[in-house]
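Everything below concerns the one structure shown next.
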Amino acid sequence: MDQPANLLDAPTQRDIDRELTLVREAILMVARDRTLRVVVAGLQHGEDLPALALDSARGAGVRLLALPRADGAGADIAVERMNPVPGGTER
Amino acid sequence: MIESRRPIHGRKPADRRVRVERPNSAYFRYAGPDTLIAREAASVPRTPVGRSLARARAVVFGRPISLHEELSERLNVFTGLAVFASDNISSSAYATEEIMRVLVLAGAGALALTMPITVGIVIVLAIVVTSYQQTVAAYPHGGGSYIVAKDNLGTKPGLIAAGALLTDYVLTVAVSIAAGVAALTSIVPELFDYRVGLGVFLVVLIAMVNLRGIRESGAFFSIPTYVYLVSIFGLLAFGLFRYVTGTMPEYHAPAAWLAAQQAEPLGILLILRAFSSGSVALTGTEAVSNGVPAFKPPEPRNAQRVLIMMGLFFGSIFLGMSFLASQLGILPDPTEQETVISQLTRTFVGAGTPYHYLVQVSTAVLLVLAANTAFADFPRLSSILARDGFLPRVFQFRGDRLAFSYGIVVLAVIAIVLVVAFGGSVTSLIPLYTVGVFVAFTLSQSGMVRRWRRLRDAVSGWRRRAWINGIGAVTTGVVAIEVAAAKFALGAWVVLILIPLLVAMMLFIQRQYRSTAAQLAVAPDSTLPRPRREERVIVPVPGVNRAVVQAINVARSIAPDIRAVLVSDDPEEAAVIRKQWERQLADIPLVFVESPYRALVGPLLAYLDVLDQAWPSDREAPITFVAIPEYIARSWWERILYNQSARRLRTALLGRRHTVVVNVPYRREEPKESILSTLPEI
């Protein structure tokens, strides 16, 4: 039986939640001036995450950049305060 | 696998047997089901440097001794007298002199009181020895003042006794060594300028002998003790013969010595000071009762014999020396260059004669070795205090040779400080001495009185026993007050302040241990559930290499929530690593933290802080494992090249809340054997 498009299976949802946590931690790291920039790589759902973490990023005064992976299989997320990363796409 | 049993089937039914295979028998003895006892080979270092160090240590300190050999390390009466009584007996070499040094302040005529004061001190000694006979019998496992006072009077009196004894043992070493050096400078005056250095050297020598273990130190000390006894008794017999036959030689003190004496009135205070200076002779009596377990069975009986022999030998020598010195009218050397015993010997047998040298050298050696009594008892007492939680537990540690290594080293260090600080002068050290030992005697004997009262229904003749110890307690108590008062201004105040400080320190240590133990305690009747906390693993990585892969694999075995953290100041290099990471370790997220100030540990700790802050407050904090990849160096020089960052990181994480540091060592393997042979070489 096909699943509805907007309904993910539990393991996938868990993976997304875990990766979202990683991004939120990176946002906190930058927002609290612990570093200028954090890149979270090796994500399975990198392309979906910026939209999900957008509110957190805005609230913290940082921006998220999707960095295309070398294998074209997704994206890594860069979290930074000011200057855009060369080659990155601002969301 | 401890052992395996393999059935072997023979041709005939009777041939069937079981082969027991014990693969590690070179390192372990199989003592029963699931029980192994490590052999000496199991403790042999594995590296060439470690083996060389162990060989060097064996040359200096001897081969390691097993606990099972301990009984053979115990002392008989002969060696026990040398080890535990050498301190007390050797006091006879300077006790007379210390009395005379005080009396002579009132002029040479006051020296006539030397003999009466000596008799008084010998009476006190007889009371103490008699009293301690009962302590030895009542406490076969060691009846030091600390144990007796703590058992019968309570913890604080016990600690006061312990503090007094620890202070006294340190002073025993310093005084004995200084007196031994003085005996040497009496016959070799050129050494006088080097007395401090010589004293330090001798303390180190005694400490090393003690680190070798007790039996060998017993044998080491027996010969000088008995040479001293024979030579001194020979001298006393000769002196008494000359006295009886009316052929006493003439003694002439240098005129400068007479001029150096300052006239003080001969009052009761001066006499009391002389008495307290001579009371130094009683130090060491405690050692026998404290060291009962070191004797061969029957331990108490052997210890009692040693105690009586010690009292008889010491009392005879002390009385003989004081008598002959008084009869000759000997004056103590105000420069401390020549001792009274040296003057006595050269007056009877001639200066520079072989017998003069024999007496002086044997006295010097015995005095130096008398410090061994303290080296036997200070470590033993500190180990008991450590066992009871009043001193750091490290004092309980017994080295390869069954000696309490830390106690020996600490005693040696403090004694060296004293020898240096007091310029190796016996007379300067004496005022600090004796107070502690009489405080300990008093508490111990008072404790014994209380013990007999407590056991009055179980012990026959308890009244007589209590009276004996009671007389001991009152006598030593009076002497303790007298010594403290007479020597207070001269230095006894230092000890009177030090003892309460030591007691406070020991109580503080005990409180620390107790509070830690309470926090660590597990209720014995509770069932311990599996941990409920969530777990996550952080792997700090410098890039992708075999050590990192191994650490990631270990992390995988700990928890599914893993993240690698790369801290770098070079974004371009980080981008290259990121790409390699995604290609080779695609299922593990990599967090790159930019560190423009080139720091590694700080940003990583900041990241861990952020993880803690980001954790939902309604959930219990997770356990964070930090798996640190570590390349194991193959030689000592490689160790300098690698793992400096790992070491810094480990230190920084030490004690961090909810954090477990996991070291993941990687040893370089042959490429064939490596399961990661496809990865590039590091």
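So you know, we letter chains A, B, ... as the sequences are listed, proteins then strands, and number each from 1. The figures here come from the full heavy-atom set of this structure, side chains too, leaving out hydrogens, waters and symmetry mates. What you see is a predicted model, and the numbers here were worked out from it, not measured in a lab.
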Discussion item. If you count every heavy atom of other residues, nucleotides or ligands that lies below 6.0 Å from B:Tyr406 atom OH, does the total exceed 12?
Written reply: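 Atom OH in B:Tyr406 is not crowded, with 12 or fewer foreign heavy atoms closer than 6.0 Å.
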Discussion item. Can you confirm whether more than 12 heavy atoms, excluding those of B:Arg533, are under 6.0 Å from its CZ atom?
Written reply: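 Result for CZ/B:Arg533: enclosed.
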Fill in: CZ-CZ distance between B:Arg536 and A:Arg18, expressed to the nearest 0.5 angstrom
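Rounded to the nearest 0.5 Å, the CZ-CZ separation comes to 13.0 Å.
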Worksheet item: Going from CG on A:Leu28 to CG on B:Asp609, what distance comes out if it is rounded to the nearest 0.5 angstrom?
Response: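 It comes to 10.5 Å.
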Item to complete: Could you look at A:Glu25 and say if it's the side chain, the backbone, both or neither that has a heavy atom under 4.5 Å from chain B?
Response: both
Taking the side chain as every heavy atom from C-beta outward, state whether [X] and [Y] have any pair of such atoms under 4.5 Å apart.
| X | Y | result |
| --- | --- | --- |
| A:Arg34 | B:Tyr607 | no |
| A:Val38 | B:Val591 | yes |
| B:Arg563 | A:Val40 | no |
| B:Arg578 | A:Arg69 | no |

Fill in: Nearest non-hydrogen partners of A:Gly42 and B:Glu582, listed with the distance
N-OE2, 3.3 Å
Worksheet item: Sub-3.5 Å donor-acceptor pair from the side chain of A:Thr35 to the main-chain atoms of B:Val593, do we have one?
Response: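 It does not hold such a pair.
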Worksheet item: By a 4.5 Å heavy-atom criterion (distance strictly below it), what part of B:Pro603 contacts chain A: side chain, backbone, both, or neither?
Response: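 Only the backbone of B:Pro603 comes within 4.5 Å of chain A.
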